[in-house]
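Report on the structure given below.
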Amino acid sequence: MRYIPHTEADVRTMLDRIGADSVEDLFQSIPEKLQLRRPLDITAAATEQEVLAELRALAEENASSHTHGWFLGGGAYAHFAPSAVDAIVSRSEFYTSYTPYQPEISQGTLQTIFEWQTMISSLTGLDVSNASLYDGASAAAEAVLMALRVTRRKRVVVAETLHPHYREVVRTYLDGLDTEIATLPRSASGQTEVLAEAVDDTTACVVVQQPNFFGCIEDLESAAAAAHARGALLIVVVTEALSLALLRSPGEAGADIVCGEAQSFGVPLGFGGPHLGFLAARDKHVRQIPGRIAGQTVDSAGRRGFVLTLSTREQHIRRERATSNICTNQGLCLLMATVYLSLLGRVGLRRLAELNLARAETLKSALRAQGLALPFSAPTFNEFTVRVPDSGEAALERALGAGMVGGLDLRPFDAELGPAVLVCATEQSPTDRFETLATCLAGGAA
Amino acid sequence: MRYIPHTEADVRTMLDRIGADSVEDLFQSIPEKLQLRRPLDITAAATEQEVLAELRALAEENASSHTHGWFLGGGAYAHFAPSAVDAIVSRSEFYTSYTPYQPEISQGTLQTIFEWQTMISSLTGLDVSNASLYDGASAAAEAVLMALRVTRRKRVVVAETLHPHYREVVRTYLDGLDTEIATLPRSASGQTEVLAEAVDDTTACVVVQQPNFFGCIEDLESAAAAAHARGALLIVVVTEALSLALLRSPGEAGADIVCGEAQSFGVPLGFGGPHLGFLAARDKHVRQIPGRIAGQTVDSAGRRGFVLTLSTREQHIRRERATSNICTNQGLCLLMATVYLSLLGRVGLRRLAELNLARAETLKSALRAQGLALPFSAPTFNEFTVRVPDSGEAALERALGAGMVGGLDLRPFDAELGPAVLVCATEQSPTDRFETLATCLAGGAA
Amino acid sequence: MTAPNDNANATRGISYEEPLSFERSRPGRVGYSLPELNAEERAALAAIPSDLLREELADLPELSEVDVIRHFTRLSTWNTSVDHGLYPLGSCTMKYNPKINEVVARLPGFAAAHPMQPAGLAQGLLRLCYMLERQLAEISGMDRVTLQPAAGAQGELAGIMMIRAYHEQRGEGRTKVLIPDSAHGTNPASAALNGYSVVPIPSGDDGILHPEAVEAAMADDVAALMLTNPNTLGFFESHMVRIAEIVHSKGGLVYGDGANLNAILGVARPGDLGIDVMHFNLHKTFSTPHGGGGPGAGPVGVVNQLAPYLPVPVVAKVAGPEGERFALDYEFPHSIGRLHANFGNVGMMVRAFAYIRSLGPDGLRRCAEMAVLNANYLQARLRDIFSVPYEGAVMHECVFSDKSLEATGVTTLDVAKRLIDYGYHPPTIYFPLIVHGALMIEPTESESLEGLDRFVETLLTISREAQEDPELLRGAPHNTRLRRLDETQAARRPILRWQAPSD
Amino acid sequence: MTAPNDNANATRGISYEEPLSFERSRPGRVGYSLPELNAEERAALAAIPSDLLREELADLPELSEVDVIRHFTRLSTWNTSVDHGLYPLGSCTMKYNPKINEVVARLPGFAAAHPMQPAGLAQGLLRLCYMLERQLAEISGMDRVTLQPAAGAQGELAGIMMIRAYHEQRGEGRTKVLIPDSAHGTNPASAALNGYSVVPIPSGDDGILHPEAVEAAMADDVAALMLTNPNTLGFFESHMVRIAEIVHSKGGLVYGDGANLNAILGVARPGDLGIDVMHFNLHKTFSTPHGGGGPGAGPVGVVNQLAPYLPVPVVAKVAGPEGERFALDYEFPHSIGRLHANFGNVGMMVRAFAYIRSLGPDGLRRCAEMAVLNANYLQARLRDIFSVPYEGAVMHECVFSDKSLEATGVTTLDVAKRLIDYGYHPPTIYFPLIVHGALMIEPTESESLEGLDRFVETLLTISREAQEDPELLRGAPHNTRLRRLDETQAARRPILRWQAPSD
Ligand SMILES: Cc1ncc(COP(=O)(O)O)c(C=O)c1O
Ligand SMILES: Cc1ncc(COP(=O)(O)O)c(C=O)c1O
């Protein structure tokens, strides 16, 4: 086996030194009857050439923006990642190392985390960030748990326009804890109706997504005012991180915790993972933040360096009193995003966001030209809801016939909305197919 | 432009320091009328996303073993390269460095060359090797020039079974020099007829390919005897380097110079290049070897290290009296091959060669079973000539119809042979398609 | 003498400096290529009212592609990695990460597939997930597997939630989870995260759990025992079956932390030991790279009894007119719900699948055998240098205490830092908590005999140095670009982001 | 004081040791995966008589994949590269190698295409080659371009051969080639390789060629003048047109070495200067990576007059019923023949094409402008430190002599080695030959102002060190894993391969 260096002579030498007769003997602490006395019933080993062929065949059975015109978003976005990102991520110094427990030989990873924390703090408009969480949905759940800890309250108010998968994950995480979840309805504009009476003195937090699941840009100031009026925190969830480059930062608008998904920053779609959960907060809550955090320090010669810090929050020190159970998180995806943001930079990221907005607006015009209605009046970023004549399923089937994945059928997510599709335009969406898409969604053949 | 870091402020600062008013001014030494006063007439810059899309489209217009069953060899071989090869070659420490002129910061490249030299010496059965030449064909030409220098003679005897492209390149290189080229004919067995009288006292070398272009294994001992009897050198050219793992080494059989193409050792086919020319020789001729050579030495603290050496042979020192004009050669391909050979190792390389032989023999049986004749009686390695009923072109067209690139039509290379195809089987050739290929070549539909 | 000798694993050489990217930034520098907006597109920007827009972005650098590549290339050279050599972090299973796995994970059909695309357009991926589930089930002896959890700790949480759902379904409000004192921190943290209180169980003098201890703690309000087998001292819990019986007899369930599964691949199966729920760490046992702190993947296997509670969606095979098809099944009415926005860390599943296909049944067993051989060899050779806190044949890792160093004043931390000077990543230190000054060494099967011998020689040298020149160790590392870093100061006055110089 | 100061570009850190792969070899270790032969296949092995078979392979190592990856990963860390920083080798144009080019070159449709496959199955590649030829022709102002030569030196040879063919076709047996004394070694070597004798032409005091010198040497037996413009002192040959007239008037041709084309991209075109044949170095001007010594690519451009002599095959565009198709044209009866087994280093052509597409006309010109700006800036800042042997505004590179160091006893070599301590790859040294102790610095456009400033500061420090502590320089480098290597011993007693220890 090419991954295992032991020769038979090596094995012999080692057994002799150990004082064992055979490799079998080493497993004597496993009671005989518990040992498996047959080979595992899985397919026999394949050669590298065979494995490659098998996996190529499996890969070819999946659609993607390489095979179809792409207009599907809904929490995961088909953005272009410059080749430089993968070139860096492919350096084995980064991808074959562990969590940087030994800072003197992990400065590459640690400085990257520190740079990421700076970037995400700046983008969200908050003070501090952690070094990633599993994904946007669990980040939202962790943010809620954090708010529960900070406020020592038990009620959580969640906007109905929060991504339905995120709502499910929040519910899963809270299940079993002594908490209550209330919801804020969607208004006719597509935005969340922030009812002052929905927030009370037992409310730990209000959770709003920006832009929301239907693409609409929320009024965060009102949400912040309603939350803060009763001592609750405002949690803003972002699934399309690129919007942070364009929209007023949630921190500025009053958010106390901003969390979500940063897959848009150079992380492959990868059928949904690994993606990149992030979480940023205000300084005063730093000791309630879940997950790893890197901090600046000095070495014994007084030179700047970085370490993992504030670890008394963490499971390996605090065990059952930790702020979270998180251990392995999404380090390499954080690297991807940090490289990506370093390349795009302050000017490029803004320009890319503008390009996305412009594309989406152009697509809207094309859809309107086909007589399609956009049910919500609120402004949107690169994604929006469009009403279709028959059903989302049928509309998307027509688009597929024309070689396009035309968006997300909203029926499974919102029964009351009527036939509608969530359509997304990024810098990768083929502008020369906007009209065809419109025709398909409107009911015509391509 | 993302590859160029200058900001407008930088340019200003630099011009000031230089004492120039504008960037234009820096080009004043180019007479005004020689300056191009219009933009170059090439397509405007494309974004990275666009370039990728364009090149993907171009790439998809080409066939390869990814799209077709592959039986085509003829000097370039579709072998499998383990993923570890490209993982190493993609390290920018290797691919973005220059020829190792400064040994103290180039030991990675230098030790690799030294390892390669050891491996190729061992495979060829000779004493010393250089650090690559452009490709097999120019390596053959350089070997001939080397023989001319060593013997101070002017006549070159080349087997007709030498790859026709190689023969052309040798002819091109010798053109303009005061030399004569004679040829050795092919016998009915498919081997070279080594006529003693073809070699005379003015002959510098005899050039034979092993296995030869038609796949046949040559009798090198006879060739060596004939050459040596008249003081000429025997040059053995190898286009399928994998054969070195199985066949008696040319050095052992009496070759004085062994050269050729090592693309089979993990170098991509790449439509013909970059490939990897190699050249090995006996110790006594080391100072006539063309190209770079690495040697072992010590540093000022007495520790082992490596440097480029014997550079008084080379153009940068000897200029018009150099052994060759070679400067940039195929360093990174040498790295690929060294990694490849390190992975396969002494046992694996032999086993792979056996696998190739076995596949080819199995394919022969399948062809014979369809009534096809193999015109040559000499033993072969992984490639052989098969007679087809109508024409090579038609036979291959039928194979193509069945999704296979079935071999090389020999008509353009040998008019007298009659309709025949050169067929190659490697570890990548689909064994489950052998019968279909046989049917196609024999004239049936797939 | 700080420089290792000539034959050593490392010495000193050039190391490149590099500031923070923000400090390299220059206004107007560009690392991207984007099309210009046309007039119509520019006009479209007005779609968002300007009061919703932000001012310009601060604190993102402006760099060229050249700058960015050099920046991160230089940063990378400050890391030690598995591709450099032995990385014996105990409990982390830092084995070799095969290169082919990186290749297949990047195939566009995997890397560019979208989680929301219809199942009909993702048959290859769903098939792969389905097959991986079946492979993991067979390897573990569990009945069903969910691939959704993104890491071991999330797997633990998922498992604990299923345990809760199981008890609640039967109308039982159990509130406690028993956890041995040798457990990894995520175990108590996960139990607590789902609202359980944690009851620690002491390990016996032989480093394993004894039925009596469990018996004593087991009660009607205990939902589960959560244990790691092989445990974090490297021992197989040989009373496993008896212990599971005790827990089951009182209506509890047994959670098995599968972090150390590497030791028993093809040799024993958690499902055969009485374990009801377990997580896998694909980034340990199945060699998906650790990435400097993730991404990992923490699939969870369960016995049939717990299958109704699996998180959704579940990949299902359906026979259809065109043959086998794969679909996403959400119809699990008792499911604990969803744990991930999508299906988990699919990229890691692709790598793990390729790994399992490459090794097959014999190769997997060979991993376990050679990992265990390596750990026992190290234990045998190092016992003369360090104290062995618990005697016994180990499985995948061996643990030492710093007792033998006591007289020198040198700590485990000092030994770890000195190892760095010799080119080794230190082992896990100060864990498990029940061993004083623990050194927890997991070589994995990737290491060769000679490699282990070199490592042992180095530790011998270091232990001599500890006697002769303890200051040398206390000042270590000496050979790295940065010397020992001040973790206390970092925590006391946290600087967690770069701040632009005020002027 | 050997350690650079705190703000420096480099310091010291851990460096990993690694023996030769052969020394790591262990019998029975395996780094491959191959299917076993079945019985029928084993029998087939008898097809080759055993006397034609070799004994077992000696001197190939036996290693696991882990070993191999670690071996070469460690080796790689001993190299300095462009991705680490400034690599100012004069005449080598070590500019940044964009990552996208590596991606596209690896697309299976390019990387796995076979040179012998029918043109109909390679239309994308042929189209790309055709477009690249046209691009290079436009950039250089030449009429036709062959992509076949595998490097600059092979391009020179091809060009010289075409010149020979041209003269022979006209019945002229010219025997000499004129070459300036500042020329790169490949120029005389290439001319000699094709049987010409070389006549050196002296450069003027201003470092450029003067019409008088050419006039004096030009004769009926001179086949060509071979010159480099901009030349290797970094100067534009401003008398180019007059010189070409002189050569042409006596029936000779002008060969232009295009190694320094980067300096005039979009600014001036060799074809407009009177050059008849030239080579390009795709691995310099068009940023295909140097690979530690290749592969490169050396296309050759010619004026129409010389087109009949181009090497075959030539890619041709043919209008067909299905539109534009591309074919290989062998029908060049006057062709010098074939220079490469196939079509040259196609992988480099793919990269160069992607590069030209990425830059466009403005970007290419910007390369030239910024490369020239950088060289002039360095000349302006370094003239206080080193002697300028030839005054004048430079193009892409600047050359200094070691005259200012004379009193110190320090040589150019010492300065170069000391630069290494500070984390810089040294410039080209001792070339061109007409400059005493030459330091030839080509920054390229990839370097930023701050980067150049840091480099200048370092050279200032080194020149101070030369005055104050010349021994420090003579002993350099101090910070590398290995100290200065003994090149004399290597050449005197060559050890060119590893030998298994005799026992
Ligand atoms: C024994 C044990 N359990 C659980 C975990 C947590 O797994 P993860 O880091 O994947 O969340 C670890 C990881 O180090 C571990 O060693
Ligand atoms: C001026 C000059 N001419 C020719 C060459 C030879 O080019 P190549 O190395 O591609 O053969 C070089 C390479 O360094 C050069 O600098």
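Side-chain atoms are counted along with the backbone in the values below, which use heavy atoms only and exclude waters and symmetry mates. The sequence lines fix the lettering, A, B, ..., with proteins before strands; numbering per chain opens at 1.
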Task: Portion of C/K417 that has a non-hydrogen atom of chain A nearer than 4.5 angstrom - done: side chain

Task: Flag, side chain of A/E115 to backbone of C/L20, donor-acceptor distance under 3.5 Å - done: no

Task: Interface residue of largest heavy-atom contact number with chain C, from A/S106, A/A137, A/G295, under 4.5 Å - done: A/S106

Open item on the list: Please classify the contact of C/L89 with chain A as side chain, backbone, both or neither, using a heavy-atom distance under 4.5 Å.
Closed with: side chain

Open item on the list: Side chains of C/S76 and C/N79 only: does a donor on one sit below 3.5 Å from an acceptor on the other?
Closed with: no

Task: Contact origin within C/V104 toward chain A - heavy atom pairs under 4.5 Å - done: side chain

Task: When C/A58, C/P49, C/G195 are compared by non-hydrogen pairs under 4.5 Å with chain A, the top option - done: C/A58

- [ ] Give, as side chain, backbone, both or neither, the part of C/L52 having an atom under 4.5 angstrom from any heavy atom of chain A.
- [x] both

TODO: With a 4.5 angstrom heavy-atom cut-off, could you sort out which part of A/S311 is near chain C: side chain, backbone, both or neither?
DONE: neither

- [ ] For residues C/R127 and A/L58, determine if any side-chain heavy atom of one lies less than 4.5 Å from a side-chain heavy atom of the other.
- [x] yes

Task: Results of salt bridge (Lys or Arg N to Asp or Glu O under 4.0 Å) for C/R164 - residues two or more places apart only - done: C/E168

Task: Ring centroid separation C/H425 to A/Y98 under 6.0 Å - done: no

Task: Heavy-atom contact with chain C under 4.5 Å, split by part of A/P103 - done: both

Task: Under 4.5 Å from any heavy atom of chain A - which part of C/H114 - done: both

Task: Contact class of C/R481 relative to chain A, heavy atoms under 4.5 angstrom - done: both

- [ ] Could you look at A/R171 and say if it's the side chain, the backbone, both or neither that has a heavy atom under 4.5 Å from chain C?
- [x] neither

Open item on the list: Counting heavy-atom pairs closer than 4.5 Å to chain A, which one of C/E447, C/E156, C/E487 comes out on top?
Closed with: C/E447

Open item on the list: Quick check on the interface: out of C/G451, C/P289, C/A192, who has the most heavy-atom pairs with chain A under 4.5 Å?
Closed with: C/P289

Task: Residue part contacting chain C, namely of A/T309, when any heavy atom lies under 4.5 Å - done: side chain

Open item on the list: Less than 4.0 angstrom from a charged side-chain N to a carboxylate O is my criterion; do C/E369 and C/R365 meet it?
Closed with: yes

Task: Closest non-hydrogen atom pair, C/A153 against A/C327 - done: CB-N, 4.4 Å

Task: Cationic N near anionic O, under 4.0 Å, C/E56 to A/R350 - done: no

- [ ] Examine whether an atom of A/V286 lies under 4.5 Å from a heavy atom of chain C, and if so say whether it belongs to the side chain, the backbone or both; otherwise answer neither.
- [x] side chain

Task: Which portion of A/M1 sits near chain C, non-hydrogen atoms under 4.5 angstrom - done: side chain

Open item on the list: Could you check whether C/R42 pairs with A/E354 (Lys NZ or Arg NE/NH1/NH2 to Asp/Glu carboxylate O, under 4.0 Å)?
Closed with: yes

Task: Partner chain A: residue of C/Q117, C/Q489, C/H184 with the largest heavy-atom pair count (under 4.5 Å) - done: C/Q117

Task: Shortest non-hydrogen contact from A/L123 toward A/L244 - done: O-CD2, 3.8 Å

Task: Close side-chain approach of C/L121 and A/V405, heavy atoms under 4.5 Å - done: yes

- [ ] Tell me, for A/H66 versus chain C, whether the close heavy atoms (under 4.5 Å) come from the side chain, the backbone, both or neither.
- [x] side chain

Task: C/P494 portion near chain A, given a 4.5 angstrom heavy-atom threshold - done: side chain

- [ ] Would you mind checking which part of C/A191 comes under 4.5 Å of any heavy atom in chain A, side chain (CB onward), backbone (N, CA, C, O), both or neither?
- [x] neither

Task: Among C/A416, C/S197, C/G363, C/A151, residue most engaged with chain A (heavy-atom pairs, under 4.5 Å) - done: C/A151

Task: Which atoms of C/Y87 approach chain A - backbone, side chain, both or neither, heavy atom under 4.5 Å - done: side chain

Task: Ion pair C/E445/C/K95, N-O distance below 4.0 Å - done: yes

Task: Pick from A/H316, A/H165, A/E261, A/H275 with the largest number of heavy-atom pairs that fall under 4.5 Å of chain C - done: A/H165

- [ ] Please report the shortest heavy-atom distance between C/L60 and A/R346, naming the atom on each side.
- [x] O-CD, 3.2 Å

Task: Toward chain C, the part of A/A294 with a non-hydrogen atom under 4.5 Å - done: backbone

Open item on the list: Which atoms of C/M370 are under 4.5 Å from chain A, going by heavy atoms: the side chain, the backbone, both sets, or neither?
Closed with: both

TODO: Taking salt bridge (Lys or Arg N to Asp or Glu O under 4.0 Å) as the test, write out the residues that go with C/R269, two or more places apart.
DONE: C/E138, C/D272

Task: Test: C/R29 and C/E62 ion pair at under 4.0 Å - done: no

- [ ] Could you tell me which of A/E104, A/E48, A/E60, A/M119 has the largest number of non-hydrogen atom pairs under 4.5 Å with chain C?
- [x] A/E104

- [ ] Taking the side chain as every heavy atom from C-beta outward, state whether A/Y134 and C/N345 have any atom pair closer than 4.5 Å.
- [x] no

TODO: Using non-hydrogen atoms and a 4.5 Å limit, figure out which bit of A/L15 sits close to chain C: side chain, backbone, both or neither.
DONE: both

TODO: List the atom of A/L177, the atom of C/N194, and the distance in Å for their closest heavy-atom pair.
DONE: CD2-C, 3.5 Å

Task: Contact class of C/R381 relative to chain A, heavy atoms under 4.5 angstrom - done: both

Open item on the list: Less than 4.0 angstrom from a charged side-chain N to a carboxylate O is my criterion; do A/E50 and C/R357 meet it?
Closed with: no

TODO: Below 4.5 Å from any heavy atom of chain C, which atoms of A/T312 appear? Answer side chain, backbone, both or neither.
DONE: neither

Task: Heavy-atom contact with chain C under 4.5 Å, split by part of A/L246 - done: both

Open item on the list: Quick test of your reading of the model: are C/D59 and C/R497 salt-bridged, counting only N-O distances below 4.0 Å?
Closed with: yes

- [ ] Can you tell which part of C/L37 gets under 4.5 Å to a heavy atom of chain A, answering side chain, backbone, both or neither?
- [x] side chain

TODO: For chain A, find which of C/L75, C/V82, C/L485, C/N342 contributes the most heavy-atom pairs closer than 4.5 angstrom.
DONE: C/L485

Task: Which atoms of C/P35 approach chain A - backbone, side chain, both or neither, heavy atom under 4.5 Å - done: both

- [ ] Go through the atoms of A/I88 and report whether side chain, backbone, both or neither lie under 4.5 Å from a heavy atom of chain C.
- [x] side chain

Task: Proximity breakdown for C/E40 and chain A, heavy-atom pairs closer than 4.5 Å - done: side chain

Task: Any A/T109 side-chain heavy atom under 4.5 Å of A/T99 side chain - done: no

TODO: With a 4.5 Å cut-off on heavy-atom pairs, point out which of A/T297, A/L344, A/V169, A/T96 contacts chain C the most.
DONE: A/T96

- [ ] Against chain C, work out which of A/G345, A/S342, A/A322 has the most heavy-atom pairs shorter than 4.5 Å and name it.
- [x] A/S342

TODO: Answer with side chain, backbone, both or neither: which region of A/R56 has an atom nearer than 4.5 Å to a non-hydrogen atom of chain C?
DONE: both

Task: Structural part of A/I217 lying under 4.5 Å from a heavy atom of chain C - done: side chain

Task: Sidechain N-carboxylate O distance under 4.0 Å for A/D299, C/R484 - done: no

- [ ] With the side chain counted from C-beta on, respond yes when C/W498 and A/F114 share a heavy-atom pair under 4.5 Å apart, and no when they do not.
- [x] yes

- [ ] Could you tell me which of A/L349, A/D135, A/V128 has the largest number of non-hydrogen atom pairs under 4.5 Å with chain C?
- [x] A/D135

